[in-house]
Amino acid sequence: MRESGILLPISSLPSGFGIGCFSKEAYTFVDQLASAGQKYWQILPLGPTSYGDSPYQSFSTYAGNPYFIDLEVLIREGVLTQKECDAADFGQDPRAVDYGKVYKARFKLLRMAYERSHITQNPDFLTFCSENSWWLEDYALFMAVKNFFGDECWDQWPEDIRKRYGFALDYYREKLYFDIEFYKYMQFQFTCQWQKLKSYAGQKGIRIIGDIPIYVAYDSADTWAHPELFQLDEDNVPVAVAGCPPDGFAADGQLWGNPLYRWDHHRNTGFAWWMERLSYTFRLYDVVRIDHFRGFDEYFSIPYGDTTAWNGHWEKGPGIEIFNRMKEVLGWKDVIAEDLGYVTDSVRHMVWESGFPGMKVFEFAFDTRDTGCASDYLPHNYPVNSVVYTGTHDNATLNGWYQDISEKEKEMLRDYLHDYTTADRSLFWEIICRVMGSGARLCIIPMQDYLGLGNECRMNTPSTLGQNWKWRLLPGEFSQDLQNRIKKITRIYERQ
(Lines give C-alpha, C1' and ligand atoms only; values in the text may rest on other atoms or scores of the structure.)
Protein backbone atom coordinates (compact mmCIF):
# COMPACT_ATOMS: atom_id res chain seq x y z
CA MET A 1 0.00 0.00 0.00
CA ARG A 2 1.31 3.41 -0.99
CA GLU A 3 0.61 6.20 1.51
CA SER A 4 1.50 9.80 2.29
CA GLY A 5 1.71 12.27 5.12
CA ILE A 6 2.81 15.73 6.21
CA LEU A 7 5.81 16.86 8.26
CA LEU A 8 4.94 19.49 10.86
CA PRO A 9 6.64 19.73 14.28
CA ILE A 10 4.42 20.19 17.34
CA SER A 11 6.15 23.53 17.97
CA SER A 12 5.00 24.75 14.54
CA LEU A 13 1.29 24.41 15.26
CA PRO A 14 -0.78 27.55 15.82
CA SER A 15 -1.79 28.27 19.43
CA GLY A 16 -2.39 31.22 21.70
CA PHE A 17 0.56 30.37 23.90
CA GLY A 18 3.58 31.36 21.80
CA ILE A 19 4.41 27.85 20.59
CA GLY A 20 2.55 24.89 19.17
CA CYS A 21 1.29 22.50 21.85
CA PHE A 22 -1.26 19.77 22.56
CA SER A 23 -4.08 22.31 22.31
CA LYS A 24 -7.27 22.30 20.25
CA GLU A 25 -5.21 23.41 17.24
CA ALA A 26 -3.36 20.06 17.35
CA TYR A 27 -6.67 18.20 17.16
CA THR A 28 -7.77 20.47 14.33
CA PHE A 29 -4.58 19.61 12.45
CA VAL A 30 -5.34 15.90 12.82
CA ASP A 31 -8.80 16.55 11.35
CA GLN A 32 -7.21 18.50 8.50
CA LEU A 33 -4.80 15.66 7.75
CA ALA A 34 -7.70 13.24 7.54
CA SER A 35 -9.65 15.66 5.34
CA ALA A 36 -6.63 15.90 3.02
CA GLY A 37 -6.50 12.13 2.65
CA GLN A 38 -3.25 11.74 4.60
CA LYS A 39 -2.30 8.75 6.75
CA TYR A 40 0.77 10.06 8.60
CA TRP A 41 1.79 13.03 10.71
CA GLN A 42 5.55 13.28 11.10
CA ILE A 43 6.91 15.35 13.99
CA LEU A 44 10.33 16.08 15.49
CA PRO A 45 11.66 14.80 18.85
CA LEU A 46 9.42 15.70 21.79
CA GLY A 47 12.15 16.12 24.43
CA PRO A 48 12.76 19.25 26.51
CA THR A 49 15.03 21.59 24.57
CA SER A 50 18.03 23.44 25.96
CA TYR A 51 19.92 26.60 25.02
CA GLY A 52 20.02 26.20 21.24
CA ASP A 53 16.31 25.27 21.11
CA SER A 54 17.10 22.16 19.07
CA PRO A 55 14.92 19.10 19.70
CA TYR A 56 18.04 17.05 18.93
CA GLN A 57 19.86 18.44 22.00
CA SER A 58 17.64 17.55 24.94
CA PHE A 59 18.05 17.38 28.71
CA SER A 60 16.61 13.86 28.56
CA THR A 61 16.05 11.08 26.08
CA TYR A 62 12.81 10.13 27.87
CA ALA A 63 11.22 13.33 29.15
CA GLY A 64 8.71 15.44 27.22
CA ASN A 65 8.89 19.15 26.51
CA PRO A 66 6.85 21.19 29.04
CA TYR A 67 6.32 23.81 26.31
CA PHE A 68 3.84 21.41 24.69
CA ILE A 69 1.52 21.18 27.70
CA ASP A 70 -1.85 22.72 26.83
CA LEU A 71 -2.54 25.45 29.37
CA GLU A 72 -6.25 25.37 28.55
CA VAL A 73 -6.41 21.91 30.15
CA LEU A 74 -4.96 23.40 33.33
CA ILE A 75 -7.51 26.20 33.19
CA ARG A 76 -10.30 23.62 32.98
CA GLU A 77 -8.74 21.75 35.92
CA GLY A 78 -8.96 24.96 37.92
CA VAL A 79 -5.23 25.31 38.66
CA LEU A 80 -4.80 28.30 36.34
CA THR A 81 -7.13 31.10 35.28
CA GLN A 82 -7.75 32.46 31.82
CA LYS A 83 -6.77 35.90 33.11
CA GLU A 84 -3.36 34.63 34.29
CA CYS A 85 -2.64 33.01 30.94
CA ASP A 86 -3.84 36.03 28.96
CA ALA A 87 -1.54 38.29 31.00
CA ALA A 88 1.57 36.24 30.17
CA ASP A 89 3.94 37.46 27.44
CA PHE A 90 4.64 34.54 25.09
CA GLY A 91 5.88 36.76 22.25
CA GLN A 92 3.95 38.75 19.66
CA ASP A 93 4.81 37.09 16.33
CA PRO A 94 2.38 34.26 15.46
CA ARG A 95 4.80 33.11 12.74
CA ALA A 96 7.82 32.54 15.03
CA VAL A 97 8.51 31.08 18.47
CA ASP A 98 10.22 33.42 20.95
CA TYR A 99 11.85 30.75 23.10
CA GLY A 100 13.10 33.17 25.73
CA LYS A 101 9.64 34.56 26.41
CA VAL A 102 7.99 31.15 26.18
CA TYR A 103 10.40 29.76 28.78
CA LYS A 104 9.83 32.57 31.28
CA ALA A 105 6.07 32.72 30.89
CA ARG A 106 5.37 29.01 30.74
CA PHE A 107 7.48 27.87 33.67
CA LYS A 108 5.97 30.57 35.88
CA LEU A 109 2.46 29.43 35.01
CA LEU A 110 3.29 25.73 35.27
CA ARG A 111 4.80 26.25 38.70
CA MET A 112 1.64 28.04 39.81
CA ALA A 113 -0.45 25.16 38.46
CA TYR A 114 1.68 22.59 40.30
CA GLU A 115 1.46 24.44 43.62
CA ARG A 116 -2.35 24.54 43.36
CA SER A 117 -2.78 21.01 42.09
CA HIS A 118 -2.53 18.87 45.27
CA ILE A 119 -1.03 16.43 42.80
CA THR A 120 0.04 13.84 45.38
CA GLN A 121 -3.65 13.22 46.09
CA ASN A 122 -4.08 12.08 42.48
CA PRO A 123 -3.65 8.27 42.29
CA ASP A 124 -2.92 8.49 38.55
CA PHE A 125 0.07 10.72 39.28
CA LEU A 126 1.38 8.29 41.89
CA THR A 127 1.00 5.41 39.43
CA PHE A 128 2.77 7.40 36.72
CA CYS A 129 5.71 8.17 39.04
CA SER A 130 5.99 4.54 40.08
CA GLU A 131 5.83 3.12 36.56
CA ASN A 132 8.36 5.64 35.21
CA SER A 133 10.68 5.85 38.21
CA TRP A 134 13.48 4.12 36.25
CA TRP A 135 14.07 7.35 34.31
CA LEU A 136 11.88 9.96 36.02
CA GLU A 137 13.76 10.00 39.34
CA ASP A 138 17.09 10.82 37.70
CA TYR A 139 15.56 13.35 35.32
CA ALA A 140 13.60 15.28 37.96
CA LEU A 141 16.59 15.37 40.31
CA PHE A 142 18.89 16.45 37.48
CA MET A 143 16.64 19.34 36.48
CA ALA A 144 16.06 20.47 40.08
CA VAL A 145 19.78 20.46 40.86
CA LYS A 146 20.55 22.17 37.55
CA ASN A 147 18.08 24.92 38.41
CA PHE A 148 19.54 25.20 41.92
CA PHE A 149 23.01 25.84 40.45
CA GLY A 150 21.83 28.56 38.07
CA ASP A 151 21.28 26.23 35.09
CA GLU A 152 25.00 25.44 34.80
CA CYS A 153 26.06 22.31 32.94
CA TRP A 154 26.39 19.39 35.35
CA ASP A 155 30.16 19.22 34.86
CA GLN A 156 30.34 22.53 36.76
CA TRP A 157 28.49 21.22 39.82
CA PRO A 158 30.28 20.38 43.09
CA GLU A 159 32.06 17.04 42.90
CA ASP A 160 29.76 15.24 45.33
CA ILE A 161 26.62 15.68 43.24
CA ARG A 162 28.46 15.75 39.92
CA LYS A 163 29.77 12.26 40.66
CA ARG A 164 26.53 11.15 42.32
CA TYR A 165 27.89 10.25 45.75
CA GLY A 166 25.13 8.59 47.74
CA PHE A 167 25.03 11.14 50.57
CA ALA A 168 24.82 14.00 48.03
CA LEU A 169 21.92 12.38 46.20
CA ASP A 170 20.06 11.99 49.51
CA TYR A 171 20.83 15.59 50.52
CA TYR A 172 19.52 17.17 47.31
CA ARG A 173 16.48 14.89 47.15
CA GLU A 174 15.45 16.25 50.55
CA LYS A 175 16.53 19.85 50.00
CA LEU A 176 14.87 20.15 46.59
CA TYR A 177 11.87 17.90 47.25
CA PHE A 178 9.21 20.23 45.87
CA ASP A 179 11.31 21.27 42.87
CA ILE A 180 11.77 17.59 42.02
CA GLU A 181 8.05 16.96 42.37
CA PHE A 182 7.36 19.95 40.10
CA TYR A 183 9.37 18.35 37.28
CA LYS A 184 7.50 15.08 37.82
CA TYR A 185 4.21 16.97 37.65
CA MET A 186 5.12 18.49 34.28
CA GLN A 187 6.01 15.05 32.91
CA PHE A 188 2.71 13.66 34.14
CA GLN A 189 0.79 16.44 32.40
CA PHE A 190 2.84 16.04 29.21
CA THR A 191 2.30 12.29 29.06
CA CYS A 192 -1.45 12.43 29.74
CA GLN A 193 -1.97 15.09 27.09
CA TRP A 194 0.27 13.45 24.47
CA GLN A 195 -1.36 10.04 24.85
CA LYS A 196 -4.79 11.63 24.45
CA LEU A 197 -3.73 13.42 21.25
CA LYS A 198 -2.05 10.30 19.87
CA SER A 199 -5.17 8.26 20.60
CA TYR A 200 -7.33 10.83 18.81
CA ALA A 201 -5.04 10.70 15.77
CA GLY A 202 -5.34 6.91 15.74
CA GLN A 203 -9.12 7.13 15.78
CA LYS A 204 -8.91 9.39 12.73
CA GLY A 205 -6.65 6.94 10.90
CA ILE A 206 -3.52 9.07 11.35
CA ARG A 207 -0.29 7.39 12.41
CA ILE A 208 2.40 9.41 14.17
CA ILE A 209 5.99 9.26 12.89
CA GLY A 210 8.35 10.24 15.70
CA ASP A 211 12.08 10.74 15.78
CA ILE A 212 14.80 9.25 17.96
CA PRO A 213 18.13 11.09 17.82
CA ILE A 214 21.07 8.70 17.69
CA TYR A 215 22.98 10.72 20.31
CA VAL A 216 22.08 12.29 23.63
CA ALA A 217 23.29 15.66 24.86
CA TYR A 218 26.26 15.85 27.21
CA ASP A 219 24.31 18.20 29.46
CA SER A 220 21.55 15.68 30.08
CA ALA A 221 20.21 13.46 32.82
CA ASP A 222 21.23 10.44 30.72
CA THR A 223 24.94 11.32 30.63
CA TRP A 224 25.02 12.46 34.27
CA ALA A 225 23.24 9.35 35.56
CA HIS A 226 24.96 6.80 33.31
CA PRO A 227 28.48 7.96 32.43
CA GLU A 228 29.51 4.33 31.88
CA LEU A 229 27.54 4.35 28.62
CA PHE A 230 29.70 7.04 27.02
CA GLN A 231 33.30 7.73 26.06
CA LEU A 232 34.16 9.79 29.15
CA ASP A 233 37.37 9.85 31.20
CA GLU A 234 37.67 9.29 34.96
CA ASP A 235 36.42 12.83 35.60
CA ASN A 236 33.45 12.30 33.24
CA VAL A 237 34.90 14.63 30.62
CA PRO A 238 34.34 13.47 27.00
CA VAL A 239 37.28 11.84 25.29
CA ALA A 240 35.76 12.44 21.85
CA VAL A 241 32.51 13.88 20.49
CA ALA A 242 30.19 13.36 17.54
CA GLY A 243 29.97 15.20 14.25
CA CYS A 244 30.39 14.88 10.49
CA PRO A 245 33.48 15.32 8.31
CA PRO A 246 34.05 18.27 5.96
CA ASP A 247 32.16 17.95 2.67
CA GLY A 248 30.58 20.01 -0.08
CA PHE A 249 27.98 21.37 2.35
CA ALA A 250 30.22 22.31 5.29
CA ALA A 251 33.89 23.13 4.66
CA ASP A 252 34.83 22.54 8.32
CA GLY A 253 32.45 19.64 8.81
CA GLN A 254 29.85 19.59 11.55
CA LEU A 255 30.79 19.56 15.24
CA TRP A 256 27.74 18.33 17.14
CA GLY A 257 29.52 17.90 20.46
CA ASN A 258 27.48 14.94 21.73
CA PRO A 259 29.35 12.29 23.73
CA LEU A 260 30.02 9.08 21.83
CA TYR A 261 28.95 5.64 23.01
CA ARG A 262 31.12 2.95 24.52
CA TRP A 263 29.83 0.36 22.11
CA ASP A 264 31.79 -2.45 23.77
CA HIS A 265 29.88 -1.78 27.01
CA HIS A 266 26.54 -1.73 25.19
CA ARG A 267 27.37 -4.96 23.38
CA ASN A 268 28.42 -6.66 26.63
CA THR A 269 25.08 -5.76 28.24
CA GLY A 270 23.02 -6.99 25.31
CA PHE A 271 22.33 -3.37 24.34
CA ALA A 272 20.09 -3.17 27.42
CA TRP A 273 20.03 0.64 27.57
CA TRP A 274 19.19 0.87 23.87
CA MET A 275 16.43 -1.73 24.17
CA GLU A 276 14.92 0.24 27.04
CA ARG A 277 15.18 3.47 25.09
CA LEU A 278 13.70 2.03 21.90
CA SER A 279 10.89 0.30 23.77
CA TYR A 280 9.90 3.60 25.38
CA THR A 281 10.07 5.42 22.03
CA PHE A 282 7.77 2.89 20.38
CA ARG A 283 5.20 3.61 23.07
CA LEU A 284 5.31 7.30 22.13
CA TYR A 285 4.99 6.89 18.35
CA ASP A 286 3.52 4.53 15.76
CA VAL A 287 6.60 4.72 13.52
CA VAL A 288 10.11 5.74 14.58
CA ARG A 289 12.60 7.52 12.35
CA ILE A 290 16.08 6.65 13.59
CA ASP A 291 18.25 9.72 13.11
CA HIS A 292 21.75 9.35 11.60
CA PHE A 293 21.27 5.63 10.91
CA ARG A 294 24.66 5.40 9.25
CA GLY A 295 26.24 6.16 12.64
CA PHE A 296 25.46 2.61 13.71
CA ASP A 297 27.67 1.33 10.90
CA GLU A 298 30.46 3.88 11.33
CA TYR A 299 30.54 7.02 13.43
CA PHE A 300 32.75 10.09 13.14
CA SER A 301 34.91 10.68 16.23
CA ILE A 302 36.29 14.19 16.85
CA PRO A 303 38.82 14.88 19.64
CA TYR A 304 37.16 16.70 22.53
CA GLY A 305 38.09 20.39 22.56
CA ASP A 306 38.55 20.74 18.80
CA THR A 307 36.66 23.62 17.22
CA THR A 308 36.16 21.96 13.81
CA ALA A 309 35.73 18.42 12.53
CA TRP A 310 39.03 18.39 10.62
CA ASN A 311 40.85 16.07 13.01
CA GLY A 312 38.05 13.55 13.25
CA HIS A 313 38.15 9.98 12.03
CA TRP A 314 35.74 7.10 11.42
CA GLU A 315 35.19 4.34 13.96
CA LYS A 316 33.17 1.15 13.59
CA GLY A 317 29.76 1.07 15.24
CA PRO A 318 27.72 -1.95 16.32
CA GLY A 319 26.31 -2.54 12.85
CA ILE A 320 23.33 -4.80 12.28
CA GLU A 321 23.89 -6.50 15.63
CA ILE A 322 21.94 -3.86 17.55
CA PHE A 323 18.91 -4.14 15.23
CA ASN A 324 18.95 -7.93 15.32
CA ARG A 325 18.86 -7.59 19.10
CA MET A 326 15.96 -5.14 18.81
CA LYS A 327 13.95 -7.68 16.81
CA GLU A 328 14.71 -10.37 19.42
CA VAL A 329 13.61 -8.19 22.34
CA LEU A 330 10.85 -6.03 20.86
CA GLY A 331 9.74 -7.91 17.76
CA TRP A 332 9.31 -6.25 14.38
CA LYS A 333 8.72 -2.51 14.59
CA ASP A 334 7.97 0.16 11.99
CA VAL A 335 11.21 2.07 11.53
CA ILE A 336 12.49 4.62 9.01
CA ALA A 337 16.27 4.61 8.59
CA GLU A 338 17.65 8.14 8.15
CA ASP A 339 20.47 7.08 5.81
CA LEU A 340 21.21 10.44 4.21
CA GLY A 341 24.59 11.98 3.46
CA TYR A 342 27.59 10.09 2.13
CA VAL A 343 26.33 6.52 1.99
CA THR A 344 28.94 3.76 1.75
CA ASP A 345 28.36 0.21 0.52
CA SER A 346 28.46 -1.05 4.11
CA VAL A 347 25.70 1.40 5.10
CA ARG A 348 23.59 0.32 2.14
CA HIS A 349 24.07 -3.30 3.14
CA MET A 350 23.10 -2.58 6.76
CA VAL A 351 19.91 -0.80 5.68
CA TRP A 352 19.07 -3.67 3.31
CA GLU A 353 19.82 -6.27 5.98
CA SER A 354 17.65 -4.47 8.54
CA GLY A 355 14.66 -4.46 6.22
CA PHE A 356 13.88 -0.86 7.19
CA PRO A 357 13.01 1.67 4.47
CA GLY A 358 15.66 4.30 3.84
CA MET A 359 15.06 7.96 3.01
CA LYS A 360 15.11 9.78 -0.32
CA VAL A 361 15.23 13.58 -0.55
CA PHE A 362 14.29 15.07 -3.91
CA GLU A 363 16.44 18.18 -3.50
CA PHE A 364 19.61 16.06 -3.27
CA ALA A 365 19.20 14.82 -6.85
CA PHE A 366 20.05 18.19 -8.35
CA ASP A 367 22.95 19.33 -6.19
CA THR A 368 26.26 19.53 -8.02
CA ARG A 369 28.17 19.38 -4.74
CA ASP A 370 29.12 16.07 -3.13
CA THR A 371 25.88 14.34 -2.10
CA GLY A 372 27.00 10.74 -2.37
CA CYS A 373 25.08 9.32 -5.32
CA ALA A 374 22.75 12.00 -6.66
CA SER A 375 20.94 9.59 -8.99
CA ASP A 376 19.70 7.65 -5.95
CA TYR A 377 17.46 10.64 -5.20
CA LEU A 378 15.75 10.81 -8.61
CA PRO A 379 12.13 9.66 -8.29
CA HIS A 380 12.33 7.02 -11.01
CA ASN A 381 15.06 5.27 -8.96
CA TYR A 382 13.20 5.06 -5.64
CA PRO A 383 12.72 1.50 -4.44
CA VAL A 384 9.34 0.52 -3.04
CA ASN A 385 10.84 0.09 0.44
CA SER A 386 11.73 3.75 0.88
CA VAL A 387 10.29 7.01 2.21
CA VAL A 388 10.55 10.07 -0.02
CA TYR A 389 10.63 13.69 1.09
CA THR A 390 10.80 16.85 -0.97
CA GLY A 391 13.04 18.05 1.87
CA THR A 392 13.44 17.45 5.60
CA HIS A 393 13.53 19.82 8.58
CA ASP A 394 17.24 20.35 7.78
CA ASN A 395 16.65 21.38 4.17
CA ALA A 396 15.55 24.54 2.45
CA THR A 397 11.89 24.78 1.48
CA LEU A 398 11.24 23.77 -2.11
CA ASN A 399 10.68 27.36 -3.24
CA GLY A 400 13.67 28.57 -1.23
CA TRP A 401 15.82 25.79 -2.62
CA TYR A 402 14.86 26.60 -6.20
CA GLN A 403 15.73 30.26 -5.73
CA ASP A 404 19.18 29.37 -4.34
CA ILE A 405 20.39 26.70 -6.74
CA SER A 406 22.56 27.54 -9.73
CA GLU A 407 21.30 28.10 -13.26
CA LYS A 408 22.83 24.78 -14.25
CA GLU A 409 20.94 23.01 -11.50
CA LYS A 410 17.69 24.74 -12.48
CA GLU A 411 18.24 23.54 -16.03
CA MET A 412 18.82 19.99 -14.76
CA LEU A 413 15.56 20.18 -12.82
CA ARG A 414 13.53 21.60 -15.71
CA ASP A 415 14.93 18.93 -18.04
CA TYR A 416 14.06 16.17 -15.58
CA LEU A 417 10.51 17.45 -15.12
CA HIS A 418 10.30 18.22 -18.86
CA ASP A 419 8.62 21.43 -17.78
CA TYR A 420 9.86 24.70 -19.22
CA THR A 421 6.73 26.82 -18.83
CA THR A 422 5.49 26.61 -15.24
CA ALA A 423 6.29 29.78 -13.31
CA ASP A 424 9.13 29.47 -10.82
CA ARG A 425 6.86 30.25 -7.87
CA SER A 426 4.49 27.40 -8.81
CA LEU A 427 7.03 24.74 -9.76
CA PHE A 428 6.81 23.19 -6.28
CA TRP A 429 3.49 21.58 -7.27
CA GLU A 430 5.17 19.81 -10.19
CA ILE A 431 7.84 18.47 -7.85
CA ILE A 432 5.29 17.33 -5.28
CA CYS A 433 3.38 15.46 -7.98
CA ARG A 434 6.57 13.82 -9.20
CA VAL A 435 7.51 12.45 -5.76
CA MET A 436 3.91 11.47 -4.99
CA GLY A 437 3.91 9.52 -8.24
CA SER A 438 7.13 7.66 -7.44
CA GLY A 439 7.27 4.01 -6.43
CA ALA A 440 8.27 4.80 -2.82
CA ARG A 441 5.80 3.24 -0.40
CA LEU A 442 5.56 6.41 1.71
CA CYS A 443 5.77 10.07 0.71
CA ILE A 444 6.14 12.84 3.34
CA ILE A 445 5.86 16.52 2.39
CA PRO A 446 6.78 19.34 4.80
CA MET A 447 3.88 21.71 5.45
CA GLN A 448 5.96 24.65 4.18
CA ASP A 449 6.27 23.01 0.77
CA TYR A 450 2.53 22.50 0.40
CA LEU A 451 2.16 26.20 1.20
CA GLY A 452 4.83 27.22 -1.33
CA LEU A 453 6.78 29.18 1.29
CA GLY A 454 10.34 30.49 0.94
CA ASN A 455 13.44 30.05 3.07
CA GLU A 456 12.26 32.60 5.60
CA CYS A 457 10.10 29.67 6.76
CA ARG A 458 12.89 27.10 6.82
CA MET A 459 12.93 25.06 10.03
CA ASN A 460 16.67 24.51 10.49
CA THR A 461 19.97 25.33 8.82
CA PRO A 462 22.59 22.90 10.19
CA SER A 463 25.69 24.38 11.84
CA THR A 464 23.96 27.69 12.54
CA LEU A 465 22.46 29.16 15.71
CA GLY A 466 19.85 31.76 16.53
CA GLN A 467 17.21 31.51 13.79
CA ASN A 468 16.27 27.84 13.83
CA TRP A 469 13.26 25.83 15.08
CA LYS A 470 11.02 28.93 15.13
CA TRP A 471 8.63 28.67 12.17
CA ARG A 472 4.92 28.31 12.87
CA LEU A 473 1.83 27.66 10.81
CA LEU A 474 -0.65 30.53 10.89
CA PRO A 475 -4.29 29.97 11.87
CA GLY A 476 -6.37 29.17 8.78
CA GLU A 477 -3.33 28.68 6.55
CA PHE A 478 -4.07 24.99 6.04
CA SER A 479 -7.28 25.96 4.29
CA GLN A 480 -10.08 23.71 3.05
CA ASP A 481 -9.06 24.52 -0.53
CA LEU A 482 -5.52 23.32 0.18
CA GLN A 483 -6.83 20.20 1.91
CA ASN A 484 -8.98 19.43 -1.14
CA ARG A 485 -6.07 19.94 -3.53
CA ILE A 486 -3.81 17.64 -1.49
CA LYS A 487 -6.56 15.03 -1.30
CA LYS A 488 -7.02 15.12 -5.08
CA ILE A 489 -3.30 14.61 -5.70
CA THR A 490 -3.26 11.83 -3.12
CA ARG A 491 -6.09 10.04 -4.90
CA ILE A 492 -4.55 10.48 -8.35
CA TYR A 493 -1.33 8.82 -7.21
CA GLU A 494 -3.21 6.14 -5.21
CA ARG A 495 -1.77 6.99 -1.82
CA GLN A 496 -5.05 6.71 0.11
Practice task
Apply side-chain hydrogen bond (donor to acceptor under 3.5 Å, both in side chains) to Asn258 and Gln57, showing your working.
Solution key: CA-CA 8 Å; Asn258 306 75; Gln57 295 285 350; 3.1 Å; yes
Practice task
Could you please spell out the steps behind the side chain to side chain contact (heavy atoms under 4.5 Å, CB included) verdict for Trp429 and Ile489?
Solution key: CA-CA 10 Å; Trp429 282 114; Ile489 292 172; 3.5 Å; yes
Exercise for the section: Check step by step if side chain to side chain contact (heavy atoms under 4.5 Å, CB included) holds for Arg277 and Asp222. Expected result: CA-CA 11 Å; Arg277 184 185 183 198; Asp222 311 279; over 6 Å; no
Exercise for the section: Quick one: do Glu477 and Arg472 satisfy salt bridge (charged side-chain N to carboxylate O under 4.0 Å, His left out)? Show the steps, please. Expected result: CA-CA 10 Å; Glu477 207 164 16; Arg472 297 179 67 198; over 6 Å; no
Handout entry: Intermediate values then yes/no, salt bridge (charged side-chain N to carboxylate O under 4.0 Å, His left out), Lys408 and Glu411
Key = CA-CA 5 Å; Lys408 180 181 178 181; Glu411 183 181 354; over 6 Å; no
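Annotation: the span from Asn468 atom CG to Met459 atom CE amounts to 8.5 Å, rounded to 0.5 Å. Cys433 SG to Leu417 CG: the interatomic distance, rounded to the nearest 0.5 Å, is 10.5 Å. For the atom pair CD (Glu338) and CZ (Arg289), the distance works out to 4.5 Å, reported to the nearest 0.5 Å. Considering CE of Met186 and CZ of Phe182, their distance stands at 3.5 Å, rounded to 0.5 Å. Rounding to the nearest 0.5 Å places CG of Leu398 at 10.5 Å from OH of Tyr450. The line from CD of Glu363 to CD1 of Ile405 is 8.5 Å long, rounded to the nearest 0.5 Å.
In this structure, Arg458 and Trp471 have side chains that are not in contact, with every pair of non-hydrogen atoms separated by 4.5 Å or more. In this structure, Ile432 and Phe428 have side chains that are in contact, with non-hydrogen atoms separated by less than 4.5 Å. Ile208 has its side chain out of reach of Leu197: every pair of non-hydrogen atoms, C-beta onward, lies at least 4.5 Å apart. Contact of the Leu110 side chain with the Leu71 side chain is registered, since non-hydrogen atoms from C-beta on lie closer than 4.5 Å. For the pair Met143/Pro66, no side-chain contact is recorded, criterion being any heavy-atom separation below 4.5 Å from C-beta on. No side-chain heavy atom of Leu465 sits under 4.5 Å from any side-chain heavy atom of Tyr51. In this structure, Met359 and Phe293 have side chains that are not in contact, with every pair of non-hydrogen atoms separated by 4.5 Å or more. Inter-residue side-chain proximity for Val288 and Phe282 is flagged as met; some heavy-atom pair is nearer than 4.5 Å.
Here the closest non-hydrogen pair linking Tyr185 and Ala113 is OH-CB, 3.6 Å. Of all non-hydrogen atoms in Phe478 and Ala36, the two that sit nearest each other are CZ-CB, 4.2 Å. Looking at every heavy atom in both residues, Thr421 comes nearest to Arg414 through N-NH1, 4.0 Å. Between Leu482 and Met447, the closest heavy-atom pair is CD2-CE, 4.0 Å. The two residues Pro246 and Ala309 make their nearest non-hydrogen contact at CD-O, 4.2 Å. Nearest heavy atoms, Leu451 versus Leu473: CD1-CD1, 3.6 Å.
Looking only at distances, a side-chain donor or acceptor of Ser386 sits under 3.5 Å from a matching main-chain atom of Pro383. At distances below 3.5 Å, not a single donor-acceptor pair connects side-chain atoms of Ser426 with backbone N or O atoms of Thr422. Asp367 contributes no side-chain N or O that, together with a main-chain N or O of Phe364, makes up a donor-acceptor pair within less than 3.5 Å. Between the side chain of Ser199 and the backbone N or O of Lys196, no donor-acceptor pair lies under 3.5 Å. With Ser479 contributing its side chain and Gly476 its backbone, the two residues share no donor-acceptor pair below 3.5 Å. Between the side chain of Gln187 and the backbone N or O of Gly64 there is at least one donor-acceptor pair closer than 3.5 Å. With Glu3 contributing its side chain and Lys39 its backbone, the two residues share no donor-acceptor pair below 3.5 Å. Side chain of Arg2 to main chain of Met436: a donor-acceptor pair is present (N/O by atom type, distance under 3.5 Å, no hydrogens or angles). A donor-acceptor pair is defined here as one N or O able to donate and one able to accept, closer than 3.5 Å; such a pair exists between the side chain of Thr344 and the backbone of Val347. Asn455 places a side-chain N or O within 3.5 Å of a backbone atom of Thr397 that can act as its donor or acceptor partner.
With no hydrogens or angles considered, no side-chain donor-acceptor pair links Asp424 and Gln403 at under 3.5 Å. In this model, no donor atom of one side chain and acceptor atom of the other lie less than 3.5 Å apart for Thr28 and Asp31. Counted by atom type alone, Asn381 and Ser375 present zero donor-acceptor pairs between their side chains at under 3.5 Å. A donor and an acceptor atom, one from each side chain of Gln483 and Ser35, are located under 3.5 Å apart. Between the side chains of Thr390 and Asp449, at least one donor N or O sits under 3.5 Å from an acceptor N or O.
Exactly one of Ile209, Val387, Asp211, Leu442 qualifies for a side chain to side chain contact (heavy atoms under 4.5 Å, CB included) with Val287. That residue is Ile209.
Under the 30°/60° scheme for interplanar angles, the aromatic rings of Tyr67 and Tyr103 are found to stand perpendicular. Relative ring orientation between Tyr280 and Trp135 is described as perpendicular, the plane-to-plane angle rising above 60° on a 0-90° scale split at 30° and 60°. Between Phe323 and Phe296, the two ring planes are perpendicular [angle over 60°; tilted spans 30° to 60°].
Within a 6.0 Å sphere centred on CZ of Arg425, heavy atoms belonging to other residues, nucleotides or ligands number 12 at most. For His418, the NE2 atom sits in a loose shell: 12 or fewer heavy atoms of surrounding residues, nucleotides or ligands are nearer than 6.0 Å. For CH2 of Trp310, the number of neighbouring non-hydrogen atoms (other residues, nucleotides, ligands) closer than 6.0 Å is 12 at most.
In summary, the aromatic rings of Tyr215 and Tyr56 are positioned with their centroids too far apart to meet the 6.0 Å limit. For His292 and Phe300, the distance between ring centers is not under 6.0 angstrom. In this structure, the ring of Tyr261 has its center less than 6.0 angstrom from the ring center of Phe230. Ring to ring, Tyr62 and Tyr139 are not that close: their centroids are 6.0 angstrom or more apart. Between Tyr285 and Trp41, the ring centre distance reaches or exceeds 6.0 Å.
Geometrically, Lys360 does not engage Tyr382 in a cation-pi contact, judged by NZ or CZ lying under 6.0 Å from the ring centre and within 45° of the ring axis.
A salt bridge does not link Asp93 to Lys470: none of the charged side-chain nitrogens sits closer than 4.0 Å to a carboxylate oxygen. The pair Asp286-Lys198 counts as a salt bridge, with a side-chain nitrogen and a carboxylate oxygen less than 4.0 angstrom apart. Salt-bridge check for Asp345 with Arg348: passed, with a basic side-chain N closer than 4.0 Å to an acidic carboxylate O. In summary, Glu430 and Arg434 do not engage in a salt bridge, as defined by a charged side-chain N under 4.0 Å from a carboxylate O.
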